[in-house]
Asker: 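I have a structure I would like to understand better, so I am pasting it below and will then ask my questions one at a time.
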Amino acid sequence: MEFETVIGLEIHLELQTRSKLFCSCSTAFGREPNTSCCPVCLGLPGSLPVLNRKAVELAIIAALSLQSEIQKESRFDRKNYYYPDLPKAYQISQYDRPLALGGFIEMKNEGVKRKINLERIHIEEDPGKLMHSGESIFDSDYSLVDYNRAGIPLLEIVTKPDLRSGREARLFLEELRCILLYSGSSDCRMEQGSLRCDANISLRPAGSKTLGTRTEVKNMNSFRAVEMALDYEAGRQAAILSAGGSIIQQTCHWDEGDRKAIPLRGKEGSSDYRYFPEPDLLPLILKSDYIETLAASLPELPSQRRIRLMEEYGLDPADAAILTENRSLGDLFEVAAGEYKDYRNLARWVRGDLLYLLKGNDRNPSEVAPSLLIELLTMLDEGEINRPVAKDLLANIVKNGTNPRELVQQKGLGRIADREKLQPVVEKVLAENKDAVDSIKQGRKKAFAFLVGKVMAATAGRADPEKVQKLLRELIN
Amino acid sequence: MELYQKTAAELSRLLQDKEITAVEVFNSFTERIDEVDPHLKVFITCTLDSALETAAAVDRRRMENEELHPLAGVPVAIKDNFCTEGIKTTCASKMLESYIPPYDAAVVEKLKRIGMPILGKTNMDEFAMGSSTENSAFFVTRNPWDLERVPGGSSGGSAAAVAAGMVPLALGSDTGGSIRQPAALCGITGLRPTYGRVSRYGLIAFASSLDQIGPLALNALDCSLLLEVIAGYDQRDSTSLPHEVPQYSAAAGRELEGVRIGLIEENISANFDPEIKFAVLKMAALLEENGARITEVSLPHTDYGLSAYYLIAPSEAASNLGRYDGVRYGYSADGDNIISLFSRTRGQGFGAEVKRRIMIGTYSLSAGYYDAYYLQAMKVRTLIRRDYEKAFQNFDILVGATTPTPAFKLGEKADDPLKMYLSDVCNITDALAGVPSLSIPAGLHSSGLPMGMQLTAAPLNEGLLFQAAAVLEKCSDSPPQQRTALNLTGRGEL
Amino acid sequence: MSDDFIREVEHVARLARLSLSSEEKELMADQLSAILETARKVREIDTVGIEPTAHVFSIPAFLREDVIYPSLPVEKVLQNAPKKMKSYFRVPSITVIEEE
């Protein structure tokens, strides 16, 4: 039987605030254990939460950029459960009145246009972190708790069951990350836990509209893991269903090493979280003009920019994709393109040599002055410098912010085209390479290129290659 | 007259006139504590050393003619559910028997800032759950009027301390009557302010949407002075009200001409002790003589108040008390896995009443019961609020009895939770509506025990309550000291 | 007390993480059923169309600025810890299969 895979995701993103959701402790990653804690995030008796304005703002921006409808009135609730990483034995979350409802992401999967709908978006606090004494949670005699993470603001995004494969789930997450990076609401670093994803997955006979029994897959620590885990789980379910068996509703833990989803038994199967309105926090009431102001400040969506880059600058899809993926690289391109009109050449330099240099030197595109880039490319176009010199100059721009024209003047890096300057060099090269000259005379073209290289080397790459060739031909003959 | 027999206002005047020193005041009260505390058992922790330091510092500053707050040097006691930095804060629970908070509650900061010596932390019902202070995990506090009787609760320690002259002022907390009921049973004055008037930051939570901090004192003026200190907006408590704090103590001199007073039918119920009912009517008549207009009024949903309260408060409590799990602080039982650590810690660390309320609360929030219990109770709360809103369209103050009976005997209701809950029956709807409510002495019962009358006003109208209370105090022929247990001086009488 | 209600009490105690002795369970069942009997009075009222009250006053929520203040020194964070190890709180094994 043919099955259709049905996947819904629950994504948790860390909102990029300086302080925690309900207290003024730092959210900085990698601090010593339990050094970013106060009475509020430790849940000490008598402490009370106070909502972070920035967290609300970033959550609204994220929701708006996902086309989700911001609710004028949303509410905080307590989700009650006991776990040692949860200091108050409840998590402050939003239950039946979330921050935003609906929304979608449009994307392409193997050339097919797909619209993935969202159920809801809400704000909640992160619990602390557990470290286990043994290899894993299962074989540990004891665990250690660090509450630095407790109270870090999270955005939870719940999709509708619109995804159809592990690959599609991965593509969705990549597009989601790109959008949220654009909006500046989260840095989406999965390896630091600032983006986490759980999935619900079920199978149904192709063409059927009813949902099958689902399982929940957790602990997928990379986009690649999401794809593998979901494909694994879809395969497992298909095998059971094909053999006439039935799926048990359960939670599975993706084991990256074994590449297996292991069922977790007895983990509060029928959870009863006893949600109720958080009495310590008033409802969050948002004025329309506030939401409108944020909406107006929203950057262009990556999908829109990708298309615009192709239409406005005539870039090919691959260049447009790279310049979109990295928002500030795209920004650099567009600012430079305001003055430098050979867009395709500009795009090649930006996404090629420049991006390579930025990565190698751990620099951000926003640190590069577009005017220097324009200067460099103009000098190259006008024959003032040679390509190898241009590359060195670009490296200097990235590393030191040096003005290429000044450097050229200072160090005399300009192109050498004068016959008087070139002739002695060429003559010397010819004198030292009599064999090559003979080869050329016998019709071997390779030797000619060899001699050009020698001249270029002797001028530190500055000689005008055309003039060099002309002079060589002249003198050999 | 000894200093410990004076009101806070009198002490404040004498201190400002430099007729006495804060250290003298301190000595008088601490001697009184030494004398009566062994019999009454009020203090869980005494903080006399730091209090003496505060008093001495106040004297020093006054000598240097520094401008001081009028209450600087006037001692105070606080209920043991206010966090005090470096001083153990137990909530009268085994769970927090040796818990030392790393921070001060907002109200504690305020007391310290103006130089009020904090003499100690008073006994209470465990986690403020109870009406007799018998639910303390440590010891029972006795009523200074009759040592065989309860002082009320849950702020029983604070009420008994004021009534017995161990401190002129005390702070309590009131979730469903925990200030007013013990104030009435101990013959003193106690205010539950408007919800949000006083910051709850650092008050160990029982039921967050109901908890409110308030003063206990010998009379209305003293209450108003202490309220002026503790009231006000606090950004650390999101439910704190941003409204400006008026000078409450100025209200004490005003006339009652034209003030509309409603006598709440339900709070002078036929089931109440007839003497209490009579005392309330007599006080109402006094108000009328002073120019107020009195009419009977009904708050029709009062009958449902107790039921709604005993669902809402335990539900919030069950959640608030989840954090006592033996991991970060407090009592911790042995457990070889996490669930046994949690369950044993909580099973052994909490007393019977606390466990009962956690069970009720967990039940009413749990799947399948939420709509029928918790949600329905919250809707009833809306109806109760509307009763008040309607009443305050026609009345400025609502009055009735504070309690149905005077102080009951130790152990009398200890085995019957429902009977105990009923002793707060007059105090609960005010709390559900979030309105301010004051209990004042209403004379002595034929048994020799004090009785209380409760006055309630619209939100933020505490001043009006002090105004009416002051008029009644003036009409009464005896000074406040004689309406209290302060005349019980000798050890023999105790 | 009915066995059903005792089981209910056991279920709620498990949700609330309260270990109760069998005597406590019996007593709790008696008392809870009496208290719930009284509490059920709220169900006598028709509340159709009535909004629940979660907060007595509706004032605008205060939002704090995103500013960092110093956290507690780690010694103070751990000062009340029943069990600690290095700078962590220590808890026993957290893998337990909970029977329901």
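None of these values were measured; they are calculated from a predicted model. Proteins get letters first, then strands, A, B, ... in listed order; numbering begins at 1 in each. Values reported hereafter were calculated over all heavy atoms of this structure, with side chains retained and with hydrogens, waters and symmetry mates removed.
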Asker: Tell me, out of B:Ile360, B:Leu306, B:Ile358, who's got the most heavy-atom pairs with chain C below 4.5 Å.
Answerer: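 Ranked by contacts with chain C, first place is B:Ile360.
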Asker: Pairs of donor and acceptor atoms involving the side chains of residues 308-317 of chain B, under 3.5 Å and at least two apart or interchain, shall be tabulated with distances.
Answerer:
residue: B:Tyr309; atom: OH; partner: B:Gly176; partner atom: N; Å: 3.4
residue: B:Ser315; atom: OG; partner: B:Leu311; partner atom: O; Å: 2.6
residue: B:Ser315; atom: OG; partner: B:Ser364; partner atom: OG; Å: 2.6
residue: B:Glu316; atom: OE1; partner: B:Ser208; partner atom: N; Å: 2.8
residue: B:Glu316; atom: OE1; partner: B:Ser209; partner atom: N; Å: 2.7
residue: B:Glu316; atom: OE1; partner: B:Ser209; partner atom: OG; Å: 3.4
residue: B:Glu316; atom: OE2; partner: B:Ser209; partner atom: OG; Å: 2.6

Asker: Sequence neighbours left out, cut at 3.5 Å: what donor-acceptor pairs do the side chains of residues 42-52 of chain C make with other protein atoms?
Answerer:
residue: C:Arg43; atom: NH1; partner: B:Tyr373; partner atom: OH; Å: 3.4
residue: C:Asp46; atom: OD1; partner: C:Val48; partner atom: N; Å: 3.0
residue: C:Thr47; atom: OG1; partner: B:Gln376; partner atom: OE1; Å: 2.8

Asker: Can you tell me which portion of B:Pro102 sits under 4.5 Å from chain C's heavy atoms? Options are side chain, backbone, both or neither.
Answerer: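 Both backbone and side chain.
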Asker: For B:Ala372, is it the side chain, the backbone, both or neither that has a heavy atom under 4.5 Å from a heavy atom of chain C?
Answerer: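 B:Ala372 touches chain C through backbone and side-chain heavy atoms alike.
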Asker: If you count heavy-atom pairs within less than 4.5 Å of chain C, which of B:Arg386, B:Arg346, B:Gln348 leads?
Answerer: B:Arg346
Asker: By a 4.5 Å heavy-atom criterion (distance strictly below it), what part of B:Leu210 contacts chain C: side chain, backbone, both, or neither?
Answerer: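 Answer is neither: B:Leu210 stays 4.5 Å or more from chain C.
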Asker: At a heavy-atom separation under 4.5 Å, does B:Phe350 approach chain C through its side chain, its backbone, both, or neither?
Answerer: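 Interface part for B:Phe350: side chain.
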Asker: Quick one: what part of B:Asp415 sits under 4.5 Å from any heavy atom of chain C, side chain, backbone, both or neither?
Answerer: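 Only the backbone of B:Asp415 comes within 4.5 Å of chain C.
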Asker: Looking only at heavy atoms and a cut-off of under 4.5 Å, which of C:Leu20, C:Ile35, C:Leu78, C:Val9 has the most pairs with chain B?
Answerer: C:Ile35
Asker: Picking from B:Ala377, B:Pro417, B:Gly305, B:Gly361, which has the most non-hydrogen pairs under 4.5 angstrom with chain C?
Answerer: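 Max contact count across the listed options: B:Pro417.
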Asker: As an exercise, state the distance from CZ of B:Arg381 to NE2 of C:His55, rounded to the nearest 0.5 Å.
Answerer: 9.0 Å
Asker: Chain C heavy atoms under 4.5 Å from B:Arg344: which part of the residue, side chain, backbone, both or neither?
Answerer: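 When you check distances to chain C, atoms from both the backbone and side chain of B:Arg344 fall under 4.5 Å.
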Asker: Can you name the nearest heavy-atom pair linking C:Gln79 to B:Ile100, along with the distance?
Answerer: NE2-O, 2.8 Å
Asker: Between C:Ser21, C:Ala16, C:Ala34, C:Ala81, which has the largest tally of heavy atom pairs under 4.5 Å with chain B?
Answerer: C:Ala16
Asker: Of all of C:Val91, C:Leu27, C:Leu36, which one pairs up most often with chain B through heavy atoms under 4.5 Å apart?
Answerer: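 When all of C:Val91, C:Leu27, C:Leu36 are compared, C:Leu36 has the most.
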Asker: Between atom OG1 of B:Thr362 and atom CZ of C:Arg17, what is the distance when rounded to the nearest 0.5 Å?
Answerer: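 CZ of C:Arg17 is found 11.0 Å from OG1 of B:Thr362.
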Asker: Checking an interface table here. Which of residues 237-244 of chain B come within a heavy-atom distance under 4.5 Å of chain C?
Answerer: B:Ser238, B:Thr239, B:Ser240, B:Leu241, B:Pro242
Asker: Compare every heavy atom of B:Gly326 with every heavy atom of C:Pro82, then report the nearest pair and how far apart it is.
Answerer: CG-O, 3.4 Å
Asker: Minimum heavy-atom separation for B:Gly434 and C:Phe57, please, with both atom names.
Answerer: O-CZ, 3.6 Å
Asker: Counting only heavy atoms closer than 4.5 Å, note whether B:Tyr369 contacts chain C via side chain, backbone, both or neither.
Answerer: side chain
Asker: Can you give me the closest heavy-atom contact between B:Tyr363 and C:Glu8, atom names plus distance?
Answerer: CE1-CG, 3.8 Å
Asker: Can you see which heavy atom on B:Ser307 is nearest to which on C:Ala39, and at what distance?
Answerer: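 Heavy-atom minimum between the residues: CB-O, 3.6 Å.
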Asker: What part of B:Ala433 gets closer than 4.5 Å to chain C, counting heavy atoms only: side chain, backbone, both or neither?
Answerer: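 The answer is the backbone of B:Ala433.
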Asker: If I compare all heavy atoms of B:Ser98 with all of C:Asn80, which pair ends up nearest, and what's the gap?
Answerer: O-OD1, 4.0 Å
Asker: Can you measure from CG (B:Leu418) to OG1 (C:Thr38) and round to the nearest 0.5 angstrom?
Answerer: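 If we round to the nearest 0.5 Å, B:Leu418:CG and C:Thr38:OG1 are 4.0 Å apart.
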Asker: Let me know if B:Tyr331 has heavy atoms under 4.5 Å from chain C in its side chain, its backbone, both or neither.
Answerer: neither
Asker: Please report the interatomic distance CE(C:Met28) to NZ(B:Lys355), rounded to the nearest 0.5 Å.
Answerer: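 These two atoms lie 6.5 Å from each other.
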Asker: Check each atom of B:Tyr233 against the heavy atoms of chain C and say whether the ones under 4.5 Å are side chain, backbone, both or neither.
Answerer: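 The side chain, not the backbone.
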Asker: Heavy-atom cut-off 4.5 Å, strictly under: side chain, backbone, both or neither for B:Asp303 against chain C?
Answerer: both
Asker: Can you pull out the residues in residues 60-74 of chain C with any heavy atom less than 4.5 Å from chain B?
Answerer: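 Within residues 60-74 of chain C, near chain B: C:Phe62, C:Leu72.
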